[in-house]
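So the structure is just underneath, and the comments pick up after that.
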Amino acid sequence: MRVRYYFHIVYNNLIRRKRQVISHSIIIVLALITLMSTISMASALDDMVNNYIFQSPKYRTYNIVYYRNDKLLENKLFDILSEEEHVLEYYIRTWEQGGFILNDDELFEASDRDHWLFFYAADSSVSVITGEAINKNSKNVGIIPKQFYTDNNYEIGFEKEPDDFLDGEDFIGKEITMRFYAVDFSEYPFKKINPMDYTFKVIGVYDIGREMRQPYEVYIPYDDLRNIDEELKNRTIGGSEDLGSTISFIVDDVNNAQGVFDRILSELMVPISPMATLGIIQDLGGYILIVGSIISIIVILIALINISLSTLKMVKKRTAEIGLLKAMGYKNNQIATMLSLESTAIGCISLAGSVSFVLLLIKVLNWLIQSRLSIQLRYLNLSLKLDSLVIAAAISLLIPLVTGILGMRYALKISPTEAIKAE
Amino acid sequence: MEAMISARNISKVYGNLMAVKDLSLDIGTGFHVIMGRSGSGKTTLLNMLGLLDDASSGEIYIREKLVSDMKARDKAFHRMKDFGFVFQAFHLHPKLKAFENVMIPMYINPELKTANIRERALELLVLMELGDRSHHFPDQLSGGQQQRVAIARALANNPTCIFADEPTGNLDAESEKIVLSHLKNISEKGRSVVVVTHNEAVMEYADRIFHMTDGVLEEKQ
């Protein structure tokens, strides 16, 4: 029998049992939507974590803490780190400092709050998006966030940033004067004492989404920050002496860090810790995949049982019709082909429906992410992956074919005399 | 008269019940009527002659060729090529137009070209005086019209024999006459028509009348 005749009969049979086709398709679509959405979300999270978050300098930086007077160990660490091809840079860490902007009247519109900045030592990994970078000879310069917000009570989370973020590029060329305080630890409550001022010129801006920073975090030259740190220590009264020292090193890729760890641990037995960790978010993609897959499997099982029984019931209703076809001379393989094509058509309809829905859902979710969630989540980009499409296509075809087996077996056993019996 | 279909000593047993008892019969061209009460075995006989069911014993020939011991696939081929069936319930596909229903048996006929199938279907409907109804759906046709579409469908592959089981069972008197007239016309054009019925009005059209009682066939003059 020619292919077009099969399609003609199948098409009309599907029209005839529209309601059943729709209900079967809906069940399969639900299973496929669950599956494809799960894979999309899990892989988008994994992508964001592995390709953006973990590639930011903050997450590629590791700290080694050691006794500060152990110069032998310190030199050995420097030797190892200089030999390691995956280590981009290493330095003795100088501690970050926070302070208030003194000349805020010149820089900002009138406001009733203090303006606060937090300083990090610049290293070569900081990406400047506009302006100049800091080099080894730089002094009294700084790179501020493009998304500039000087409120230390604010922290970027999941929600979209407030509208009153400033554009850091507007500050390029301007000078910012900071005031830092030492602390008197001699009696409680501790007091801020002996202020020191530091002025820097803004020479560039960086992207806080890419660097995974807060909107008040500024990079200044390493030597400037070290000088501030040492000066404040000199002005501090009381407190305990810091016996430890920290070397920080940056690797080119988080996947290459383990080799460096293994060598340092095996040769020097010193602990290494990452500067920043993601915590539960790192594994969130995996959890979503597991939970989503379980739900998908349950829905698929329900689909298999439900559609199997429904298909068998439908074939039984068509006993006379199938008997008549056999009376006319239709062979079992032709009947089987027709039923299989009907099942395949349902599978194709389901696949098309579910892909359309998921694409729309992805579009909406991506819009929500970009418009409603914070800048640090802007790299969370959902998409329909090819592997999920392939899996969905396979399932959308297998479910109807597998569920049609019971009905098919019944249909093939129908005798041509059934057409006469069903009067 | 050359026998189109011959049955030799055929029997059909269901458990302990002998539905057809050692029956021999020759079917040639013309209008044949097999009458009998319900349960007499007439439908069972029709099923065997039409290769819809296997005889428990005996042989069936089509134009002197033994067919009763063929495989199911070959029997299906003979049903397609040599036979047409008309049933009491018309069994038309509700979502296909009249001419499309007539085309269904032609889909599996390798001797018919695609271009000719539709044309032939329309011709058969004209023959059944349904030329103006060829694009109607079954629910737009009367019972008699639907049965005529079923007859046209039975003629689709130019069979030598039409088997009809109670073809007028669901029809009013006027439609009954029209349908039987058409079957009679078919039988007068070199085909065999075998009608199984308990309706005595059919006898009027018959060339040969058989009576079936408890599995035994007897020809009436």
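Residue numbers start from 1 in every chain, and the chains themselves are labelled A, B, ... in the order their sequence lines are given, proteins ahead of strands. Given the structure is predicted, the values throughout are model-derived calculations rather than measurements.
Taking the side-chain contact (heavy atoms from CB on, under 4.5 Å) definition, one finds that A:Tyr287 meets it with A:Ile280, A:Asp283, sequence neighbours left out.
For a residue to count as touching a neighbouring chain, one of its non-hydrogen atoms must lie under 4.5 Å from one of that chain's; by this rule B:Glu100 touches chain A with the side chain only. With a threshold of 4.5 angstrom between heavy atoms, B:Leu112 approaches chain A through N, CA, C or O but not through any side-chain atom.
Identified by a heavy-atom distance below 4.5 Å to chain B, the contributing residues of residues 6-13 of chain A are A:His8, A:Ile9, A:Asn12, A:Asn13, in residue-number order.
Applying the ring-ring contact (aromatic ring centres under 6.0 Å, His included) test to residues at least two apart or on different chains, the pairs with a partner in residues 373-410 of chain A are A:Tyr52-A:Tyr379. Pairs of residues two or more places apart, or lying in two chains, that qualify as salt bridge (Lys or Arg N to Asp or Glu O under 4.0 Å) and include a residue from residues 326-350 of chain A are A:Arg17-A:Glu342, A:Arg318-A:Glu342.
Listed here is the closest heavy atom pair of B:Phe87 and A:Ala327: CZ-CB, 4.4 Å. When all heavy atoms of A:Leu325 and B:Ile104 are compared, the closest pair comes out as CD2-CG2, 3.8 Å.
For B:His136, the NE2 atom counts as densely surrounded, since its 6.0 Å shell holds more than 12 non-hydrogen atoms of other residues, nucleotides or ligands. Atom CG of B:Asp22 is surrounded by more than 12 heavy atoms from other residues, nucleotides or ligands within 6.0 Å.
Taking OH of A:Tyr5 as the start and OG1 of B:Thr114 as the end, the distance is 3.5 Å to the nearest 0.5 Å.
Of the options B:Arg153, B:Met80, B:Met106, a side chain to side chain contact (heavy atoms under 4.5 Å, CB included) to A:Met328 is made by B:Arg153 and by none of the others.
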